[in-house]
Amino acid sequence: MAKRLTRAFFGRSVLEVAPDLIGATLLFNGVGGRIVEVEAYHHSEPAAHSFGGPTPRNAVMFGPPGYAYVYRSYGIHWCLNFVCEPEGSAAAVLIRALEPAAGIAAMRRRRGMPQGAFDERALCSGPGKLCEALAVTDRHNGLPLDRAPFELRARDGNADVVRGVRIGITKAVEKPWRYGLKGSRFLSRPFTTSRSFS
DNA sequence: TGCCCGATTAACT
DNA sequence: GTTAATCGGGCAA
């Protein structure tokens, strides 16, 4: 069984943690799969919610690493982040896509999709979709990642990780802080101007 | 208090 | 390719 991800794993630079999460396994109440796409955010750059300093919404980002930061997006969706770096850095990794592996029937039900055979790419190929499929909401904001209902396992060995610019932002658009599993069919969108590294 | 806008998605043309 | 849905945070007044 792969190693559980600890507080120490998250307490490093968000630019180290983000690629290391590619290929890791995320389960929430036993439902989830392999992480195939993430983005890094840091309070020093204006695309981050924490850029303007602490507020009630982003308070968890300013706390210690290894906790979940959940926020509402566009008034409709929830998005799940993992807080990283030493306390006060206000850095986090946005979980953008999973390769479904466990609890697929529950995911289909929550996503309003038929139970029969069909393309599982629609279940978790985006941050809002993923939270709907796993039933993550603001009730889970601030929960630790090393205990139930979360279960996080390190990947086995290396992964072929690609990198590119982040999606859906208007500030600091040039930073290549989006990371994905090369060749995965489960990305929210393909990587174009990416380069490969190990 | 009022107004603007977003780390999105699905359903269009 | 475009756009509506939907609502809380953040800031100006």
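Letters A, B, ... mirror the listed sequences (proteins, then strands); counts begin at 1.
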Please tell me which of the listed nucleotides, [options], lies nearest to the side chain of [X]?
X        : options               : result
A/Thr170 : C/dC7, B/dG6, C/dG9   : B/dG6
A/Met61  : B/dA7, C/dG10, B/dA10 : B/dA7
A/Arg72  : B/dT9, C/dC7, C/dG10  : C/dC7
A/His77  : C/dG10, B/dA7, B/dT8  : B/dT8
A/Thr55  : C/dA5, C/dG10, B/dA7  : C/dG10

C/dT6 pairs with which nucleotide, Watson-Crick or G-U wobble, both distances below 3.5 Å?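 Base-paired to nothing in any strand shown.
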Scan every strand shown for a Watson-Crick or G-U wobble partner of B/dA7, both distances under 3.5 Å, and answer none if you come up empty.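 Paired with no nucleotide.
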Between A/Glu132 and A/Arg110, is there a salt bridge with N-O shorter than 4.0 Å?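 No, A/Arg110 and A/Glu132 are not salt-bridged.
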Using a strict threshold of under 4.0 Å (side-chain N to carboxylate O), is an ion pair present between A/Glu45 and A/Lys175?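 Looking at A/Lys175 and A/Glu45, the cut-off is not met.
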Between A/Glu132 and A/Gly168, just flag the one whose closest nucleotide in DNA chain B comes earlier from the 5' side.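 Going by which nucleotide is closer to the 5' end, it is A/Gly168.
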Taking [atom1] from [X] and [atom2] from [N], how many angstroms apart are they, rounded to a whole number?
X        : N      : atom1 : atom2 : result
A/Leu123 : B/dA10 : CG    : P     : 11 Å
A/Ile76  : B/dA11 : CD1   : C1'   : 13 Å
A/Asn141 : C/dG8  : CG    : P     : 15 Å
A/Asp138 : B/dA7  : CG    : C1'   : 17 Å
A/Leu94  : B/dT8  : CG    : P     : 7 Å
A/Arg96  : B/dT8  : CZ    : C1'   : 9 Å
A/Glu39  : B/dA7  : CD    : P     : 10 Å
A/Arg57  : B/dC5  : CZ    : C1'   : 11 Å

In whole angstrom, give me the gap between the C1' atoms of B/dA7 and C/dG1.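 Going atom to atom, C1' in each nucleotide, I get 23 Å.
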C1' atom, C/dG8 versus B/dA10: distance in rounded Å?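 Going atom to atom, C1' in each nucleotide, I get 22 Å.
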Give a yes/no on whether any side-chain N or O of A/Lys129 is located under 4.0 angstrom from OP1 or OP2 of B/dA10.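 It does, given that an N or O in the side chain of A/Lys129 lies less than 4.0 Å from OP1 or OP2 of B/dA10.
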Counting just side-chain N and O atoms, does A/Arg189 come under 4.0 Å of either OP1 or OP2 of B/dT8?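 Result: no.
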I'd like to know if A/Tyr74 reaches the base of C/dA5 with its side chain such that a donor and an acceptor end up less than 3.5 angstrom apart.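 Looking at the base of C/dA5, it does not pair with any donor or acceptor on the side chain of A/Tyr74 (distance under 3.5 Å).
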Under 5.5 Å centre to centre and under 30° between planes: does that hold for A/Tyr41 and the six-membered base ring of B/dA7?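 Yes, the aromatic ring of A/Tyr41 stacks with the base.
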Within 45° cone of A/Tyr179 ring axis and under 6.0 Å: A/Arg96 NZ or CZ: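 The answer is no, since A/Arg96 fails at least one limit relative to A/Tyr179.
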Check the pair A/Arg185, A/Glu99 against side chain to side chain contact (heavy atoms under 4.5 Å, CB included), reporting the backbone distance first and the verdict last. CA-CA 8 Å; A/Arg185 299 169 51 246; A/Glu99 177 178 338; over 6 Å; no
Does a donor on one side chain sit under 3.5 Å from an acceptor on the other, for A/Thr25 and A/Arg34?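 There is no such pair (donor and acceptor under 3.5 Å, judged by atom type) between the side chains of A/Thr25 and A/Arg34.
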Using ring centroids (six-membered ring only for Trp), state whether A/His49 and A/Tyr71 fall under 6.0 Å.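 Yes, ring centres under 6.0 Å apart.
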